Amino acid sequence: MLESSAPIGIFDSGIGGMTVASAVTRLLPRENTIYFGDTAHLPYGDKSTAAIQAYAIKICNVLLQQQCKLILIACNSASAAAFELVREYVGSKAKVMNVIDPVVDYIKERYDGKTVGLIGTKQTVLSNVYKKKVDALDKNITLKSMATPLLAPMIEEGFFDNSISESIIAKYLSDPELAGIESLILGCTHYPLIKKQIRHYYGEQVEILDTSEIVAQSLRALMEQHYLLNEKGSGERRFYVSDYTQSFEASTRLFFGKQIQLSHYPLWE
Ligand code: DGL
């Protein structure tokens, strides 16, 4: 039996997943959360499926040791590569959620017969996971996807809201692969930071789907359904990283909205 007072575990390849963690804590401020950023192995976007699966299992062990009631894979690349495996591995010890299914459910209700775009890392796009799930909806939704691998490192280096990021974003979004889309899924943890610039590029014509907010709503619904909401929690937050540097700590300001103190938790001793 899962305890509603137990923490929610959230993990990502690094600091980017804090956009999702931040949306979750804004929506559910009483929940205790444990964030794990696998900074020793980032970026996941260029890694093989097998490597990401091995990292994900190691991280789940850490989160299960901390008695998490729910594990949220707050990384699109890890959701694409490791969700099924993680769910099987975790079994009944915790609920497991990824960041792709909530978005697929969202477009299912709203985009019948429409053309939807997706941008993300190579792992997320080339795995075709989004495409398979969208096709399985049988809703006549056309998904046009494109890997945009330069965007995450660009954002990590603080290049957003400036002319350099504007040119790179325009170069990617003007690609014929994405022609004719009516909405765009931001399929990477980092992209909420360039949402404004992407919106500016398209004007009003294309709806921009910020997956972190959709995921937070879906997480609340899942917890409600299983009576797992923590009504009386104190909102305690712990942040672990598998490799510590000051620069990771400084980047938390970008992704979480304020600087966070990170604790080093090596995955391999
Ligand atoms: N967190 C990753 C994602 O959402 C982006 C960074 C990486 O490649 O590790 O796909």
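Since this is a predicted model, take the numbers as computed values, not measurements.
Residues Tyr55 and Ser242 have side chains that never bring a donor and an acceptor to within less than 3.5 angstrom of each other. No donor-acceptor contact under 3.5 angstrom links the side chains of Ser212 and Thr19, judged on distance only. Using modelled atom types and a 3.5 Å distance limit, the side chains of Asn76 and Ser79 yield no donor-acceptor pair. Under 3.5 Å, the side chains of Tyr244 and Glu249 contain a donor-acceptor pair of N or O atoms.
A cation-pi contact, defined as under 6.0 Å to the ring centre and within 45° of the axis, is absent between Arg238 and Tyr240.
Residues Tyr130 and Ser145 form no side-chain contact, since every pair of their non-hydrogen atoms from C-beta on lies 4.5 Å or further apart. For the pair Phe159/Ile168, no side-chain contact is recorded, criterion being any heavy-atom separation below 4.5 Å from C-beta on. In this structure, Asp112 and Asn140 have side chains that are in contact, with non-hydrogen atoms separated by less than 4.5 Å. Residues Ile71 and Cys60 are in side-chain contact: their nearest non-hydrogen atoms beyond the backbone lie under 4.5 Å apart. Leu184 places a side-chain heavy atom less than 4.5 Å from the side chain of Val206. The side-chain heavy atoms of Tyr35 and Thr25, taken from C-beta on, include no pair separated by under 4.5 Å. Side-chain contact between Leu262 and Thr39 is absent, with no heavy-atom pair separated by less than 4.5 Å. When side chains are defined from C-beta on, Tyr191 counts as touching Thr148, because their heavy atoms get closer than 4.5 Å.
Atom CG of Asp138 has 12 or fewer heavy atoms from other residues, nucleotides or ligands within 6.0 Å. Other residues, nucleotides and ligands place more than 12 heavy atoms under 6.0 Å from the NE2 atom of His226. More than 12 non-hydrogen atoms from other residues, nucleotides or ligands lie less than 6.0 angstrom from NZ of Lys133. Summarising the local packing, CD of Glu224 is surrounded by more than 12 heavy atoms from other residues, nucleotides or ligands at distances under 6.0 Å. Remark: Gln261 CD is loosely packed, at most 12 non-hydrogen atoms of other residues, nucleotides or ligands lying under 6.0 Å away. The 12-atom threshold is not exceeded at NZ of Lys122, counting heavy atoms of other residues, nucleotides or ligands nearer than 6.0 Å. Around the CZ atom of Arg253, the shell of radius 6.0 Å holds no more than 12 heavy atoms that belong to other residues, nucleotides or ligands.
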### Stepwise side chain to side chain contact (heavy atoms under 4.5 Å, CB included) test for Phe11 and Ile73
CA-CA 5 Å; Phe11 82 86; Ile73 308 177; 3.7 Å; yes
### Task
Apply the test side chain to side chain contact (heavy atoms under 4.5 Å, CB included) to residues Tyr202 and Leu173: give CA-CA distance (whole Å), side-chain angles for both, the deciding distance (0.1 Å), then the verdict.
CA-CA 9 Å; Tyr202 284 117; Leu173 299 184; 3.7 Å; yes
### Message
Run Gln217 and Leu27 through side chain to side chain contact (heavy atoms under 4.5 Å, CB included) and show every step you take.
### Response
CA-CA 8 Å; Gln217 294 287 350; Leu27 189 68; 4.0 Å; yes
### Query
Between Val20 and Asp12, does a side chain to side chain contact (heavy atoms under 4.5 Å, CB included) hold up when you go through it step by step?
CA-CA 10 Å; Val20 185; Asp12 174 47; over 6 Å; no
### Intermediate values then yes/no, salt bridge (charged side-chain N to carboxylate O under 4.0 Å, His left out), Glu31 and Lys69
CA-CA 11 Å; Glu31 294 291 335; Lys69 61 185 171 189; 2.7 Å; yes
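Glu231 places no side-chain N or O within donor-acceptor distance of the main-chain N or O of Arg30, the cut-off being under 3.5 Å. Of the possible polar contacts, one joining the Asn32 side chain to the Gly235 backbone as a donor-acceptor pair under 3.5 Å is found. For Lys139 (side chain) and Val134 (main-chain N/O), no donor-acceptor pair under 3.5 Å exists by modelled atom type. No donor-acceptor distance shorter than 3.5 angstrom exists from the side chain of Gln53 to the backbone of Ala82, with no hydrogens or angles considered. Panel note: side chain Ser167, backbone Ser163; a donor-acceptor pair is recorded below 3.5 Å. No side-chain donor-acceptor contact under 3.5 Å links Ser13 to the backbone of Pro43.
Interatomic distance, Leu137 CG to Lys108 NZ, rounded to the nearest 0.5 Å: 6.5 Å. For the atom pair CZ of Arg199 and CD1 of Ile208, the computed distance is 6.5 Å after rounding to the nearest 0.5 Å. In this structure, Leu193 CG and Phe160 CZ are separated by 4.5 Å, a value rounded to the nearest 0.5 Å. Of the inter-residue distances, the one linking Ser251 atom OG with Gln259 atom CD reads 9.0 Å to the nearest 0.5 angstrom. Note that CG of Asn61 and CG of Leu267 are 9.5 Å apart. Values are rounded to the nearest 0.5 Å. Rounding to the nearest 0.5 Å gives a distance of 10.0 Å between CG of Leu151 and NE2 of His190.
Minimum heavy-atom separation, Leu72 to Val24: CD2-CG2, 4.1 Å. Shortest non-hydrogen contact noted between Ile194 and Met154 is CG2-CE, 4.2 Å. Of all the heavy atoms in Cys75 and Thr189, the pair that sits closest is CA-CG2, 3.9 Å. Nearest heavy-atom pair, Tyr227 versus Ser4, reported as atom, atom and distance to 0.1 Å: O-CB, 3.8 Å. Closest non-hydrogen pair, Phe256 versus Ile260, comes out as CD2-CD1, 3.4 Å. Residues Phe239 and Arg237 come closest through the heavy atom pair CE1-CB, 3.6 Å.
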